[in-house]
> 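Please find one structure pasted underneath; my questions will follow.
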Amino acid sequence: MSGGNERASDEQANTERASSERSFDTRSSNERSSNERSFDERSFDELVAEAEQVSVEGWDFSWLHGRATEQRPSWGYQRLLGERMARVNAALDLQTGGGEVLAGLPALAPLTVVTESWPPNVAKATALLHPLGVAVVVDADEPPLPFGDNAFDLVSSRHPVTTWWAEIARVLRPGGSYFSQQVGPASVFELVEYFLGPLPAEVKQARDPEQARRKAEVVGLEVVDVRFEKLRTEFLDIGAVIYFLRKVIWMVPGFTVDQYRDRLRELDQHLRQAGPFVATTTRFLIEARKPPGN
């Protein structure tokens with residue numbers, strides 16, 4: 001994949017990076033009540049009209065509750081981050097989104113700073129985190145980071161678009177750690193390929209956790225943990241698909257209902273006759289430490 005499609009792979013990480021655990025319902029489709037399936041009774045045009053009109057600002061995915069499900073990684077990123085945050089004096093969260101992850105932690109470091117580039121998320125993070133004493137720094141998510149060398153004991157990031165390993169190593173204090181949950185290779189690509197067609201192997205292999213390990217080691221970090229999981233995601237109605245693709249614009253670049261109406265109608269029929277559209281979400285956890293004395 002090239003051009004806009006390459007961006008779909010490189011930037012798919014933004015899918016959920018601002019919510020503590022994406023607000024999809026975690027129950028399977030078989031566990032839902034008949035009341036929660038009332039959308040099945042509405043026409044294709046009604047579901048499309050609703051999904052086109054709902055706001056997609058910010059990174060709250062609660063509109064999908066009852067309409068999509070997502071299995072969560074077993075390790076519990078937010079809990080693990082909270083354990084690490086309680087042990088440090090200075091922490092930096094990169095690409096914090098709306099700040100929901102940090103706001104949900106039981107305690108923050110005495111000095112906690114976050115970065116974010118997207119204006120709606122900056123406003124949301126500021127409102128949520130300033131009362132907790134967190135500084136929100138507007139940053140373009142490109143190097144260099146606006147901080148001095150050896151500034152933080154902990155650098156974290158949940159689903160970063162890009163991991164700037166050299167900059168992370170620079171701002172970490174000796175003995176400090178980078179802790180991150182990231183989108184893995186070919187995440188939700190069943191849905192992406194439904195609309196874009198088959199993608200090249202090199203695109204599907206991007207964001208591999210072993211690549212992340214090698215990049216961390218190249219800049220002198222010691223990787224102490226890498227975990228990888230494949231998880232089940234279900235879309236239950238066509239409105240959920242449209243909302244998802246409108247909100248996560250890099251999955252199918254340039255997505256509009258008008259452009260893909262025929263494919264959407266075919267998918268709507270599949271959902272009504274065969275049940276949920278199933279996709280595979282991939283996630284990996286990585287922790288890397290800066291050696292003491294570096």
> For the CD atom of Gln181 and the CD atom of Glu287, what is their distance to the nearest 0.5 Å?
13.0 Å

> Looking at every heavy atom in both Thr282 and Ser187, which two are closest together, and how far apart are they?
N-OG, 3.2 Å

> Sub-3.5 Å donor-acceptor pair from the side chain of Asp153 to the main-chain atoms of Asn89, do we have one?
yes

> For Thr163, check side chain to side chain donor-acceptor pair (under 3.5 Å) against everything at least two apart and list the hits.
Gln182

> Just verifying a value: how many Å separate Asp149 CG and Leu172 CG, rounded to the nearest 0.5 Å?
11.0 Å

> Is the shortest side-chain N to carboxylate O distance from Arg79 to Glu83 below 4.0 Å?
yes

> Do other residues, nucleotides or ligands put more than 12 heavy atoms under 6.0 Å from Arg84 CZ?
yes

> Go through it in stages, so that I can follow the logic: the residues are Glu50 and Arg42, the test is salt bridge (Lys or Arg N to Asp or Glu O under 4.0 Å), and I'd like the CA-CA distance, side-chain angles, deciding distance and then a yes or no.
CA-CA 11 Å; Glu50 178 190 31; Arg42 287 182 279 166; 2.9 Å; yes

> Taking NZ, NE, NH1 and NH2 as the nitrogens, is one of them in Arg265 or Asp262 under 4.0 Å from a carboxylate oxygen of the other?
no

> If the condition is side chain to side chain donor-acceptor pair (under 3.5 Å), which residues does Ser74 pass it with, not counting sequence neighbours?
Glu229

> List the steps, then state whether side-chain hydrogen bond (donor to acceptor under 3.5 Å, both in side chains) holds for Glu142 with Trp164.
CA-CA 8 Å; Glu142 295 181 355; Trp164 303 106; over 6 Å; no

> Give the intermediate values and the outcome of salt bridge (Lys or Arg N to Asp or Glu O under 4.0 Å) for residues Lys204 and Glu193.
CA-CA 11 Å; Lys204 296 182 180 181; Glu193 291 189 319; 3.0 Å; yes

> Minimum heavy-atom separation for Leu196 and Pro253, please, with both atom names.
CD1-CD, 4.3 Å

> Specify the closest pair of heavy atoms between Leu231 and Arg72, including all atoms of both residues, with the distance to one decimal.
CD2-O, 3.7 Å

> Evaluate the side-chain proximity of Gln78 to Leu105: yes if any heavy-atom separation is below 4.5 Å, no if none is.
yes

> So do the side chains of Thr112 and Leu102 get within less than 4.5 Å of each other, counting heavy atoms only?
yes

> So Val113 and Phe147, do their side chains get closer than 4.5 Å, heavy atoms only?
yes

> Looking at Val54, is its backbone amide N or carbonyl O close enough to the side chain of Arg246 to form a donor-acceptor pair, meaning the two atoms are under 3.5 Å apart?
yes

> Using atom types as modelled and distance alone, determine if a side-chain donor or acceptor of Lys290 lies under 3.5 Å from a backbone N or O of Gly175.
no

> Is the closest side-chain heavy-atom distance between Asp141 and Trp118 below 4.5 Å?
no

> Is any side-chain N of the basic residue among Arg213 and Glu222 closer than 4.0 Å to the acidic one's carboxylate O?
no

> Check this for me, if you would: do Glu167 and Arg170 make a salt bridge, where the nitrogen-to-carboxylate-oxygen distance has to be below 4.0 angstrom?
yes

> Can you give me the closest heavy-atom contact between Ala109 and Ala90, atom names plus distance?
CB-N, 4.1 Å

> Shortest non-hydrogen contact from Ser156 to Tyr77?
CB-OH, 3.7 Å

> Does either side chain, that of Ser180 or that of Ser157, offer a donor lying less than 3.5 Å from an acceptor on the other one?
no

> Heavy atoms only: give me the nearest Val56-Lys247 pair and the separation to one decimal.
O-NZ, 3.3 Å

> Would you confirm whether Arg289, through its side chain, and Ser177, through its main-chain N or O, come within 3.5 Å as a donor-acceptor pair?
no

> In terms of the angle between their ring planes, are Phe255 and Tyr260 parallel, tilted or perpendicular, with boundaries placed at 30° and 60°?
parallel

> Go through the steps for Val241 and Tyr194 under the test side-chain contact (heavy atoms from CB on, under 4.5 Å), then give the verdict.
CA-CA 11 Å; Val241 173; Tyr194 177 83; over 6 Å; no

> Among Arg232, Gln71, Glu190, find the one that has a side-chain hydrogen bond (donor to acceptor under 3.5 Å, both in side chains) with Thr280.
Glu190

